[in-house]
Amino acid sequence: MKRIAVLASGRGSNFQALIDRIADGYIPAECVRLITDNPEAYAVERARAAGILVTVVAYPAYPDKQSYEAALLSAMEGCNADLFVLAGYMRILGETIVRRFSGRMINIHPALLPSFSGLHAQRQAIAYGAKVSGCTVHFVDEGMDTGPIIIQRCVPVFERDDEEMLAGRILVEEHAALPEAVRLFCEDRLMIKGRVVCILPP
Ligand code: GRF
């Protein structure tokens with residue numbers, strides 16, 4: 001059984017989707033840790049309710065980025081996890097961490113990459129006038145939302161949409177896509193060939 005650790009900074013609805021899909025047997029894994037940079041995050045409540053250990057690595061507690069990164073790296077190493085899932089983790093990870101966990105760290109982004117990377121992806125899609133958007137689960141590399149794509153799911157964008165309406169429609173798909181990607185990883189069915197992720201048959 002694979003061990004997964006989740007990094008989240010806020011609400012944690014994607015984290016909850018993972019907890020639920022582990023509990024119902026869809027994902028063959030154990031969630032061993034929540035790591036957060038925000039002790040106030042609602043994700044922390046969700047972890048407590050599910051009996052998952054929480055490690056807080058709060059950015060302001062460290063004198064500089066380097067020591068924060070060192071603390072985060074040691075927290076991550078302490079998890080002994082096979083997979084790290086960034087589920088609404090709002091900080092960019094340094095190169096050391098990205099390289100250390102290359103091929104076993106994934107992120108969920110609320111747009112169809114490579115469109116609308118970075119912050120406020122839903123707002124960007126509306127402002128651009130896109131007619132479809134969606135979500136992307138991808139491996140994390142050194143770039144900003146640039147790693148090999150595992151799964152994408154799309155939703156329509158309507159002319160009357162505001163950011164919140166589109167975000168809600170995308171979130172429904174995130175809650176399906178992220179567990180699916182994690183399940184594929186846990187079943188050893190993802191093979192990275194350059195930029196392309198091949199999904200192996202069961
Ligand atoms: C999601 O939209 C995710 O794609 C983005 O941040 C949001 C986190 O939501 N990276 P939640 O904390 O999982 O509810």
Side-chain angles (χ1 to χ4, degrees), residues 4-23 26-27 29 31 33-50 52 54-59 72 83-93 97-98 101 105-128 130 132-157 161-185:
I4 69 171
V6 175
L7 284 81
S9 302
R11 178 178 60 181
S13 70
N14 280 288
F15 173 45
Q16 188 68 53
L18 294 177
I19 293 171
D20 294 344
R21 299 316 310 266
I22 288 171
Y26 175 75
I27 302 173
C31 183
R33 193 78 59 98
L34 171 73
I35 297 177
T36 186
D37 58 331
N38 172 15
E40 312 281 294
Y42 189 62
V44 173
E45 307 291 316
R46 299 181 192 270
R48 298 239 159 90
I52 296 166
V54 178
T55 301
V56 177
V57 187
Y59 191 76
L72 182 58
L83 176 68
F84 292 90
V85 180
L86 308 184
Y89 191 70
M90 299 311 287
R91 288 187 182 279
I92 294 170
L93 300 178
I97 289 180
V98 170
F101 302 110
M105 181 155 62
I106 68 177
N107 178 50
I108 177 131
H109 181 76
L112 297 175
L113 293 171
S115 292
F116 314 128
S117 61
L119 288 176
H120 309 301
Q122 302 94 336
R123 194 190 301 172
Q124 292 184 56
I126 290 172
Y128 198 87
V132 293
S133 192
C135 64
T136 303
V137 186
H138 63 92
F139 283 104
V140 176
D141 70 5
E142 281 94 339
M144 160 83 98
D145 300 322
T146 53
I149 292 170
I150 303 167
I151 284 178
Q152 295 186 301
R153 292 174 74 105
C154 23
V155 303
V157 182
D161 275 350
D162 60 22
E163 191 178 347
E164 202 182 321
M165 289 159 78
L166 178 59
R169 197 174 305 123
I170 292 172
L171 199 61
V172 173
E173 302 306 318
E174 293 186 42
H175 295 164
L178 187 60
E180 188 180 351
V182 172
R183 176 184 156 111
L184 289 168
F185 181 93

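Just so you know, ligand 1 is whichever comes first in the structure, and atom 1 is the first atom listed for that ligand. Keep in mind that this is a model prediction, so the values were computed, not measured.
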Validation: residues 134-141 side-chain donor-acceptor distances under 3.5 Å, sequence neighbours left out:
{"residue": "Thr136", "atom": "OG1", "partner": "Ala111", "partner atom": "O", "Å": "2.7"}
{"residue": "Thr136", "atom": "OG1", "partner": "Leu113", "partner atom": "N", "Å": "3.0"}
{"residue": "Thr136", "atom": "OG1", "partner": "Gln152", "partner atom": "NE2", "Å": "2.9"}
{"residue": "His138", "atom": "NE2", "partner": "Asn107", "partner atom": "ND2", "Å": "3.1"}
{"residue": "Asp141", "atom": "OD1", "partner": "Gly143", "partner atom": "N", "Å": "3.0"}
{"residue": "Asp141", "atom": "OD1", "partner": "Thr146", "partner atom": "OG1", "Å": "2.5"}
{"residue": "Asp141", "atom": "OD2", "partner": "Thr146", "partner atom": "OG1", "Å": "3.3"}

- What residues sit with at least one heavy atom under 4.0 Å from ligand 1? Arg11, Gly12, Ser13, Asn14, Gly88, Ile108, His109, Pro110, Glu174
[X] vs [Y] side-chain heavy atoms within contact, under 4.5 Å:
{"X": "Ile126", "Y": "Arg123", "value": "no"}
{"X": "Leu184", "Y": "Ile151", "value": "yes"}
{"X": "Ser117", "Y": "Gln124", "value": "no"}
{"X": "Asn38", "Y": "Met90", "value": "no"}
{"X": "Ile22", "Y": "Val182", "value": "no"}

